[in-house]
Participant: 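Following this message is one structure expressed as structure tokens.
Just so you know, ligand 1 is whichever comes first in the structure, and atom 1 is the first atom listed for that ligand. Predicted, not measured: the structure shown is a model, and the values here were computed from it.
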Amino acid sequence: MAEHPRTLNRPADSTGSRRGFFGVFRYSRRALDLVWTTSRPLTIGLALLTVLAGVLPAAIAYVGALIVDAVVMAMQTHAPGSSRQVIELVALEGLLVAVTAGAQRGLSTCQSLLRAQLGQRVNAMILEKALTLDLSQFEDSEFYDKLTRARREASSRPLSLVMRTFGLAQNAVSLVSFGTLLVQFSPWAVAVLLLAGLPAFLAEAKFSGDAFRLFRWRSPETRMQLYLETVIAREDHAKEVKLFGLGPLLLDRYRNIFHKLYKEDRDLTIRRDSWGFGLGLIGTLALYGAYGWIALTTIAGRITLGQMTMYLMLFRQGQSAVSASLSAVGGMYEDNLYLSTLYEYLETPVAPPRGAESKGPHPEDGIRFEHVSFTYPDADKPALEDITLHIRPGESLALVGENGSGKTTLIKLLTRLYHPTSGRILLDGRDLEEWDEAALRQRVGVIFQDFARYQLRVGENVGAGDVRHFEDEARWREAGDKGMATPFVDTLPQGYGTQLGKWFKEGRELSGGQWQKIALARAFMRSQADILVLDEPTAAMDAGAEAQIFEHFRNLTSNRIAILISHRFSTVRMADQIIVIRDGHIIERGSHEELMHLDGHYAHLFKLQAKGYR
Ligand code: ADP
């Protein structure tokens, strides 16, 4: 595996953690907001139950003290009715305990319901954002990292953050109520209670930060692991993985990544827990110090036996509330860091919508490239350089060139998936950048060589070409006829209603050539599109079928623009204009006859292929 650019992530981490350290509550507000807008009734229920669950323990401790004192009193005085009073108090405590249990249940019910709603909402937000992104962002590995991280972790974090915030509030309410009772014994006791938990908290915060940094740095490895899982376990790769015997090799890689990550995890876990134990001892020490102190005070007769039980209980429970609050804060710190990746992703700037024009001043002009150059982000050399060309409506253009010469890139520029680094592209005499996105998309029907094979119904695969008619059966058929798909579709068990793909029960698989016919039909769904682009979609068909489709395509596209990328000269020669691209430059252009006459690169390739057929 190539060494991934871990270092790239580092600077961002250190600032992220620093900001995070001081901003334990930074995202709490936003998380709360998210939860609040997801379900108000549940949030209110959660808040009320939190307060209730917060005050009850102190009330229980208080009643407990009353019971002990009442018992002691009754034993000493045997006054009439004293037993009854004791029983009443016991019943009251029982009632309070029952209410506590009810509050806890209620809390967990609200939590479960919110978790489901919130998980769905955050995932939908992530996907919604994905729809607004540029192709270049999807192809950018660092950005892809962000997306993966957001999807993997962050969808469960908002609720976790809110729950911890509420948990913190609950413990704080408890602590205040404990404190009010305990301060009567001694303000020092309250101070000891609070301070003893501090060291453990600091350690917790530090290790949470470490864990998060670890998670970030190794996100390329995690991504590779995820990818390997996909390759090994998915049907579309299974064929090659089996035949090439790749399985064990890939699995080995998968294991190696795990071992490397596991080692780091183990080290961190061990360090975290050793420190946690050591510092936790301070708390125990404080508890038993206070125990002794309270016991001695009771012996001295300054407090009653009932008070002693109460203070001990307060101290013990107070301490667990302190450590729960502190670990909640540690957890919140961690949630915040993770949430920061979610918001980092959600706030990725997207390009503002470009132009708003839906028409050009010279519809008869067609498409023009004027000195267009383009370099992919992070590439060191341009994929296209100084491309100038002109296609009028009614004309067809074929692009010829070796793999990697820049043909697909040219189409990506024409469809505005990418933008020229210099030069400009005009449609109907108007710069492409000035066109309204939707208007432009309607004009162009394109099928890329790696067109998508949706595991949906056959008809929907065709309908995908025009979302307005995604489910329109009549149009599926019409487009299917044009793409020459209908004859084989009719042989499928449910025709256009047949489910495709192995993910689903009874999903059918199609051959490469059949898929291409579906893809062609998809292109023909855009009945209003007057620019049709075929980027090698017919490679899996035989030469005869390809020529027939192109012929068909040209008839359908009279007065339209047809652009074809193909390695088959039998088809290419039918185009009005042929452009030969090499290393991002146009090296020859003209009709088939002109280029043959020129006797250059095109003629050479043509003869080479012709020889193969002879
Ligand atoms: P063709 O369609 O002629 O086979 P392409 O237009 O796909 O060639 O590719 C032209 C050049 O641009 C190649 O050198 C390729 O490596 C590079 N390239 C293609 N896509 C990308 C991308 N998304 N990011 C960076 N470089 C790319």
Side-chain angles (χ1 to χ4, degrees), residues 2 4-5 8 130 133-148 220 223 227 348 350-351 367 369 371-389 391 396-423 425 432 444-452 512 516 519-520 523 531-541 546 550 561-569 571-572 575 577-589 595 600-602 604-606 608-609:
H4 281 283
L8 271 182
L133 299 171
D134 275 343
L135 182 63
S136 55
Q137 287 170 312
F138 277 99
E139 289 178 351
D140 169 4
S141 69
E142 245 180 279
F143 178 79
Y144 198 72
D145 245 9
K146 258 193 228 170
L147 175 65
T148 322
R223 197 153 39 107
Y227 178 70
T348 308
V350 287
I367 299 169
F369 276 58
H371 304 289
V372 171
S373 297
F374 176 72
T375 310
Y376 279 102
D378 298 330
D380 42 12
K381 86 187 209 342
L384 285 177
E385 221 171 346
D386 198 24
I387 301 293
T388 297
L389 59 86
I391 324 167
S396 56
L397 170 83
L399 294 171
V400 178
E402 283 154 28
N403 294 328
S405 56
K407 305 178 298 290
T408 301
T409 306
L410 194 147
I411 304 302
K412 286 186 189 162
L413 291 178
L414 175 64
T415 45
R416 219 173 69 177
L417 290 172
Y418 280 96
H419 307 277
T421 317
S422 67
I425 304 171
L432 223 48
V444 190
V446 54
I447 290 300
F448 286 104
Q449 50 193 346
D450 53 350
F451 59 84
Q516 290 194 334
L520 276 171
I531 301 167
L532 277 166
V533 184
L534 301 184
D535 178 358
E536 285 187 64
T538 45
M541 298 182 190
E546 185 184 283
F550 188 62
I561 289 176
I563 300 176
L564 171 83
I565 298 179
S566 172
H567 291 291
R568 291 225 181 85
F569 289 91
T571 317
V572 168
Q577 194 184 167
I578 298 165
I579 283 183
V580 185
I581 303 188
R582 194 181 204 174
D583 290 337
H585 295 267
I586 295 184
I587 54 167
E588 286 170 22
R589 66 172 86 210
L595 291 178
H601 193 61
Y602 178 84
H604 172 70
L605 291 176
F606 183 82
L608 213 61
Q609 203 172 76

Participant: Looking at ligand 1, is there an atom of it that comes within less than 4.0 Å of some heavy atom belonging to Gly406?
Facilitator: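 Flag set, Gly406 near ligand 1.
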Participant: List the closest protein heavy-atom neighbour of atom 23 (N) of ligand 1: residue, atom name, distance to the nearest 0.1 Å.
Facilitator: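 Here the nearest protein heavy atom works out to Glu139 OE1, 2.6 Å.
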Participant: What I want to check is whether the side chains of Lys381 and Tyr376 have a donor and an acceptor closer together than 3.5 Å.
Facilitator: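 No - no donor-acceptor pair under 3.5 Å links their side chains.
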Participant: So, His601 versus Glu588: side-chain donor-acceptor pair below 3.5 Å or not?
Facilitator: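 No, Glu588 and His601 have no side-chain donor paired with an acceptor closer than 3.5 Å.
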Participant: So which atom in Ala398 and which in Val572 form the shortest heavy-atom distance, rounded to 0.1 Å?
Facilitator: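 Answer, listing the atom of Ala398 first, then Val572: CB-CG1, 3.8 Å.
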Participant: Using a 3.5 Å cut-off on N or O atoms only, is Gln449 in polar contact with ligand 1?
Facilitator: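 The answer is no, given that Gln449 and ligand 1 share no N or O pair closer than 3.5 Å.
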Participant: Distance under 4.0 Å to a non-hydrogen atom of Ala383: what atoms of ligand 1 satisfy this?
Facilitator: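 Atoms satisfying the 4.0 Å criterion: 12 (O).
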Participant: Considering only the protein, which heavy-atom contact is closest to atom 17 (C) of ligand 1, and what is its distance?
Facilitator: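 I find the closest protein heavy atom is Tyr376 CE1, 3.8 Å.
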Participant: Need the ligand 1 atom indices (1-based, order shown) with element for anything under 4.0 Å from a heavy-atom of Lys407.
Facilitator: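 The list of qualifying atoms is 1 (P), 2 (O), 3 (O), 4 (O), 6 (O), 8 (O).
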Participant: Among side-chain atoms of Asp535 and Thr408, is any donor-acceptor pair under 3.5 angstrom?
Facilitator: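 Indeed, the side chains of Asp535 and Thr408 share at least one donor-acceptor pair under 3.5 Å.
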Participant: For atom 13 (C) of ligand 1, grab the closest protein heavy atom and report residue, atom and distance to one decimal in Å.
Facilitator: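 Result: Gly404 O, 3.6 Å.
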Participant: Would you mind reporting whether Ile387 and Leu389 have side-chain heavy atoms less than 4.5 Å apart?
Facilitator: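 Leu389 reaches Ile387 side chain to side chain.
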Participant: Could you find the nearest protein heavy atom to atom 5 (P) of ligand 1 and give me its residue, atom name and distance?
Facilitator: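 Of the protein heavy atoms, Thr409 OG1, 3.5 Å lies nearest.
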Participant: Examine ligand 1 and decide if any of its atoms is less than 4.0 Å from a heavy atom belonging to Ser405.
Facilitator: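 For ligand 1, residue contact (heavy atoms, under 4.0 Å) with Ser405 is present.
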Participant: Which residue and non-hydrogen atom of the protein lie closest to atom 2 (O) of ligand 1, and at what distance in Å?
Facilitator: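 Of every protein heavy atom, Thr408 OG1, 2.6 Å lies nearest to atom 2 (O) of ligand 1.
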